[in-house]
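I have placed the structure first, in the form of structure tokens, so that the comments after it can refer back to it.
Atoms within each ligand, like the ligands themselves, are counted from 1 in listed order.
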Amino acid sequence: MALRRSLYKTPAQLRAMVEPGLITAAALDAVREIIAPGVTTEELDAAASAVILARGAESNFQLVRGYRHTTCVSVNDQVVHGIPGARVLEAGDIVSIDAGAQFEGWNGDSAITLVVPDAARPELVAARTRLSEVTEGSLWAGIAALASAGRVGEIGDAVQGHIERAARADGATYGILRDYVGHGIGRKMHEGPTVFNYRVDDLGPAVRPGLCLAIEPMVTAGSDETFVEDDDWTVTTVDGSDGSHWEHSVAVHEHGIWVLTAADGGAAGLAPFGVTPTPIA
Ligand code: MG
Ligand code: MG
């Protein structure tokens, strides 16, 4: 009989989640530093990998069956699960990078979207930067909701509400992927519960100290319809619209919330929502 893992971690287990979160954040910082036109997606992957190994951790993506890379790198109409390789980044590309580290048996998982500078096409860069900002904003709205939520499903309500308000403000259409979701995180990168990025009727489990969630909205500048490319991994929009993916691993503890994959615990991202993160003691 399999032992059912509790959704709620002990204070000691929460403390063990801090370092893998920081290593994951550092791996993505390394990607930010080198992204530029002419860089390949496998070079981004190598930069993240070097940080994870140097800090005595391992890539938890490589623990996923059939996956051999440290990151997923998704470019332009690819939203998530792009495989790093020989693709050369071009000026103006919108690039989502997802990475995770396992350290001493505990996991971090985080994703960012970056737009490669392109001085010749300011309108393209502005539109893609806005998509990334809207997606990141929806992530912070979801994290902020977690701070006072009674049930996990309130996160999706906040994420969707943020996207809907942005669409009205911009006179734009944004799609939230429905076939892919966030998750609990701990001993394994992917644990229960499911964290939806949209409103659901069943609000799911209670939010209580010890809950650790990876919240990860995946948003397009068009329809939410996607397909999986012939490589069996890459998730791409059917209408060719751009995609963005932002993710953080977040802990709920006795004194508040703490964003494990942000060096400041999420202070900057949560400030616009009037939420102050509290370090895990
Ligand atoms: Mg991820
Ligand atoms: Mg994840």
Check your understanding: With a 4.5 Å heavy-atom cut-off, do H69 and E42 have their side chains touching?
Key ->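 H69 vs E42: side chains apart.
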Review point. Can the positive tip of R178 be found less than 6.0 Å from the middle of the six-membered ring of Y198, inside 45° of the ring normal?
Key: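 Output yes; distance and angle both within limits.
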Check your understanding: Any ion pair linking E164 and R199 (charged N to carboxylate O, less than 4.0 Å)?
Key ->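 Judged by the 4.0 Å cut-off on N to carboxylate O distance, R199 and E164 do form a salt bridge.
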Check your understanding: Near the Mg ion (ligand 2), is there an N/O/S atom from H183 that is less than 2.8 Å away?
Key ->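 Short answer: yes, at least one N, O or S atom is under the cut-off.
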Check your understanding: If you leave out waters, which protein N, O or S atoms are less than 2.8 Å from the Mg ion (ligand 1)?
Key ->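 The answer is D98 OD1, D98 OD2, D109 OD1, E247 OE1.
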**Study point:** Residue pair A99 / T24: nearest heavy atoms and the distance that separates them
**Key:**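 Smallest interatomic distance, heavy atoms only, reads O-CG2, 3.4 Å.
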Practice item. State whether the side chain of E33 and the backbone N or O of A30 hold a donor-acceptor pair below 3.5 Å, judged by distance alone. Key: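 Looks like no, no N/O pair under 3.5 Å.
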Exercise for review: May I ask you to check whether over 12 heavy atoms, not counting those of D230, lie within 6.0 Å of atom CG?
Suggested key: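 It does not: D230 CG has 12 such atoms or fewer within range.
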